[in-house]
Each structure stands twice: as C-alpha cells, then as structure tokens.
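Naming convention: chains lettered A, B, ... in sequence-line order (proteins, then strands); numbering from 1 in each chain.
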Protein chains: 4
Amino acid sequence: MINRVVLVGRLTKDPELRYTPNTGIAVTTFTLAVSRNFTNQQGERDADFVPIVVWRTQAEHCANYLRKGSLAGIDGRIQTRSYDTPEGQRRFVTEIVADNVRFLDPKQKSGGDNQESYSNFGQEVDEDVPF
Amino acid sequence: MINRVVLVGRLTKDPELRYTPNTGIAVTTFTLAVSRNFTNQQGERDADFVPIVVWRTQAEHCANYLRKGSLAGIDGRIQTRSYDTPEGQRRFVTEIVADNVRFLDPKQKSGGDNQESYSNFGQEVDEDVPF
Amino acid sequence: MINRVVLVGRLTKDPELRYTPNTGIAVTTFTLAVSRNFTNQQGERDADFVPIVVWRTQAEHCANYLRKGSLAGIDGRIQTRSYDTPEGQRRFVTEIVADNVRFLDPKQKSGGDNQESYSNFGQEVDEDVPF
Amino acid sequence: MINRVVLVGRLTKDPELRYTPNTGIAVTTFTLAVSRNFTNQQGERDADFVPIVVWRTQAEHCANYLRKGSLAGIDGRIQTRSYDTPEGQRRFVTEIVADNVRFLDPKQKSGGDNQESYSNFGQEVDEDVPF
DNA sequence: TTTT
DNA sequence: TTTT
C-alpha cells in the first residue's frame, strides 16, 4: 500500500548513532521539529516533533553532518510498533523511517561537498530510452 | 515547514464521529492499516496502523461512507501532541490530520456518487490563465 | 534534493510494455487520469492526465495486471527531459517515474493474489532493533 | 483523487509575477531545479527542471522573497493543460500548482522574519479536542 | 531557456 | 486493541 511522508524541519538535538546488537547495522535516530504554518490561540507558532529513524549508509552520513538545529528534508514512510514496558504495559510508537535525508543548511566554505552523490547503477539510464 | 503524508490502506474498525464539546465541530477518527510491501522473517506481510483524524465536513462524509475494511486514501500531515495521564505520566501521541480523504472502494450500483464534488470558488480558474 | 509524487487515478488506456534497445530493460508507460476534487465553471469535474513510466520488474507487473480503467496508486518522482523533433525543434517532456505502483482494484475471485510481496532482504529487520 | 507533489530545489531565474487579465489575481511562475541524487554516465549530477505556479497571496510573497538560486520547498499538485499553437498544433503542458511554498534560505540578519505566519481561523483548535 |  |  502507499505510505509516504515528506518533512522539512530542524533537529531538536544532535543525532544518535547506534548499531544493531546482532547484525551491526548502523541506525541513527533524532527528532525533527517541523513548525506549523499557523499560530495557536496564544499567537505562538507551534511545531510538531517527529521521531526519525535512518538506517545504514545514510545513518552514518546523518551522524557526521547533522547537528542540533540543522535543517533537514526527510523522504520516508510511517512505521508503527508496539513494545512492552518493564512494568508490563503495552506501549505504541510511531516513527518515520527515512529513505532519503537531505542536508539543507548552506555549505561551509572551507569544507567539501557535504552530501555525496552515488552512482547510477541499478537505475534506469537516460541514454537508452525507448520512446 | 513542509509536512506532508499520503497513505492508502483499510480501516481496522468503523470510524468514530464526535463533536468538540465547546464549539460543536465534527471530528472523525479511525485507524488505517497500511500493509507493508515486504514480508517479515515469519513470511507474513505486516502492516502499519496509523491513527487518522478528520475535521468538519469531511468528518461527516467519512462517518457516512467508510466502514471497517473500507479502502481509503489520505492526504494530510503529521501532528504530535502530548498529554498527561491520570497517573501523572506524560504520554506522546502521533496522528495524521487529513486534509483530504478519498473513498477508494468500488461504487455500489444502486447508490449514487459516494463522493461529492465541491465547487471551485476560492480556487484559480482555468479560463483566466495569464500565459 | 527532494522530489516526491503520489497519485491515485485510472489508466486512460492499456499500458504499453517495451524493452530498451541496447540493454533490454523492461519499461511500461501509461497515462493516469487523476480527477480533480473541484468542478470547473461548466460544473464538470476535470482531470489531470499524467504520463507515468515504470521500469524493470514492476513494468512487467503493470503490463500483466493493469488495463484501461484500472485504479492505480503511484509513488514516484518527477522527471523532465528534452528531445529534438525531426523538424529540429526542441520539445520538453515531464513525466512521473514510478518507484512503486499499487493495484487498487478489488481482487478477482478466481485469481490469486495479484500483487506479489517480496522478501525483506536489504531492509531493516524488526527483530534486531536497538531501542 | 490523490495528487500530491513535494519538491525541494533552487530557482533557475527570478520569479515572474503577473495578474490575470479579467480578475486581477496574482500569479507567480518560476522553474525549480531539483538535483537528482545520482550521477549520470558522464559523472555529472543532473537535475529536473520543474515549472511551478503559485496563486494569490503566496504569489506575491514569492515575488518578494525568492530570487534566482533561492532554495525553496514546494507542496502542491500536478496539473496538466493543453493549448493550441498559432500553427494549429496541440501542445501539452505539465506544471506544479503550489499550495504552499517554503523559503529555505537562511534568514538575513538585518531583515525580519521572511515568512509570515497566519492566524488559525478556519482550522481545528488544539484547545478543544474531543479525546 | 536552466539552480548550488 | 488491528485491515484485505
């Protein structure tokens, strides 16, 4: 079924990089603050605080390049899970699993490109189009 | 900031229609089961169970036309809230506020159109395009 | 950069399956009619007619299961190209390259499952979650 | 039906603001260059060049705050039109009608907030939630 | 006709 | 607490 989420916002804290215990896969998690485009009854502009999960290569890119306050774009999907607390209560979690994270802050002058491109293998090839 | 969610899935139960206590605005809530397009290690196809909130006119359309098992498309945004339990614990809630709900089940023969169109006022008009 | 498109609509014709001349990769193309949710000044409900391109395995699934009038959900990205006409004019084309196509028509009774699931390799694994 | 597009990219030129001849409604148009996240066979990173249309109040905001090279996020829908050339050929146009444009460049120090918030009337109200 |  |  279709499950697609796109967000642009800022990290509330530095991202956290971990590795899965059994298979050693990189996972980075952070919360994205996405300001709403309307103000509440107190005249403040509220935000939604969305938990983000990133896997593998992109997890490590995120841990390297994102910090508290960084502007990021997320293209992913909603995932729901449940777990049981030590006190025996079932708790439900909703989070966004990112397929793609874009770093939207301006590039630092003395650095290099902060987002690597990857090669096109396994993708369609412009040079061989049938129409 | 950008906050956009698109889902297609099936209602896990009949929708629930309520009215806000102070202002009497219609709100419908339901959970959408969105099957994943991969199978888990047990070979089952899992799903994500996403809480949906619909306001006003569309809330009433949903209550009229959707039932447990109905196929629906949702175009909306993520919203997070927190509340305190009677036991004094802060709990976090993530839900999708629908801007637009599409009813994707085949139309019943003897019924009419099950999704009303609305007029175009307040929208741009094809007949007056400047280019 | 972020480039995401989600559509639900119906095929205006049967899909066309071809193979790229050099590399023999399957490509299916069709047009999706996406009705607008407002009516025009004549009180008709208009539609947008969106060209869709699907590659590889999904191209063949689409050619097998979709027909004129089929309801389909598309998750993909916008792609623009230019080409030169035989008369030497440059022409610009916009189309949607589908990452994922969902078949939304009700399943036929005597058939089987019309959308194959695929295994989870190369994806994160629920059973090994670090938090 | 569902028709949703989200893009992040940079303007290829300054935006153009016009007014519809009959009704005097503001319309701004520009092209958004959305870099692809893969490189082509020449090792260059390509882009898609997407025509954007913005109406009314947001049209004027865009004309005021966006320039060639500005980073912008677009939340909108695909629209297709056809028109006949003076030479009597039918030509097809695909463009994105923006519901929402976000200005993603860092704010200038000496300016103010460059994106106005608007009040919440006609929206649901957090303080009156039924559950 | 294309942006960083 | 989950749908086909």
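Here E/dT3 presents its P atom at 18 Å from CG of D/Leu7, a figure rounded to the nearest Å. Rounding to whole angstrom units, NZ of residue D/Lys68 and P of E/dT3 are separated by 5 Å. Regarding C/Arg81, its CZ atom lies at a distance of 18 Å from the C1' atom of E/dT1, rounded to whole Å. We find that CZ of D/Phe30 is positioned 18 Å from P of E/dT2, with the value rounded to whole Å. Between the CG atom of B/Leu66 and the P atom of F/dT2 there is a distance of 21 Å, rounded to whole Å. Atom CG in D/Leu32 sits roughly 12 Å away from atom C1' in E/dT4 (whole-Å rounding). Here E/dT2 presents its P atom at 21 Å from CZ of D/Arg67, a figure rounded to the nearest Å. If you measure from atom CZ of B/Arg10 to atom C1' of F/dT2, you get 14 Å, rounded to the nearest angstrom.
Applying the salt bridge (Lys or Arg N to Asp or Glu O under 4.0 Å) test to residues at least two apart or on different chains, the pairs with a partner in residues 59-75 of chain D are B/Arg4-D/Asp75, D/Arg4-D/Asp75.
Only at 4.0 angstrom or more do the heavy atoms of residues 83-93 of chain B sit from any atom of DNA chain F, so none qualifies.
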### Task
Could you walk me through whether A/Ile74 and A/Ile96 pass the side chain to side chain contact (heavy atoms under 4.5 Å, CB included) test, one step at a time?
CA-CA 9 Å; A/Ile74 306 289; A/Ile96 304 304; 4.1 Å; yes

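The heavy-atom pair separating D/Arg10 from D/Gly69 by the smallest distance is NH1-O, 2.8 Å. The minimum heavy-atom distance between B/Leu17 and B/Thr28, with the atom names listed, is CD1-OG1, 3.4 Å. Counting all heavy atoms, side chain and backbone alike, B/Ala98 lies closest to B/Ile52 at CB-CG2, 4.3 Å.
Of the listed nucleotides (F/dT2, E/dT3, F/dT3), F/dT2 has the atom at the smallest distance from the side chain of B/Thr31.
Looking only at side-chain heavy atoms (C-beta outward), B/Val101 and B/Tyr65 stay at 4.5 Å or farther from each other.
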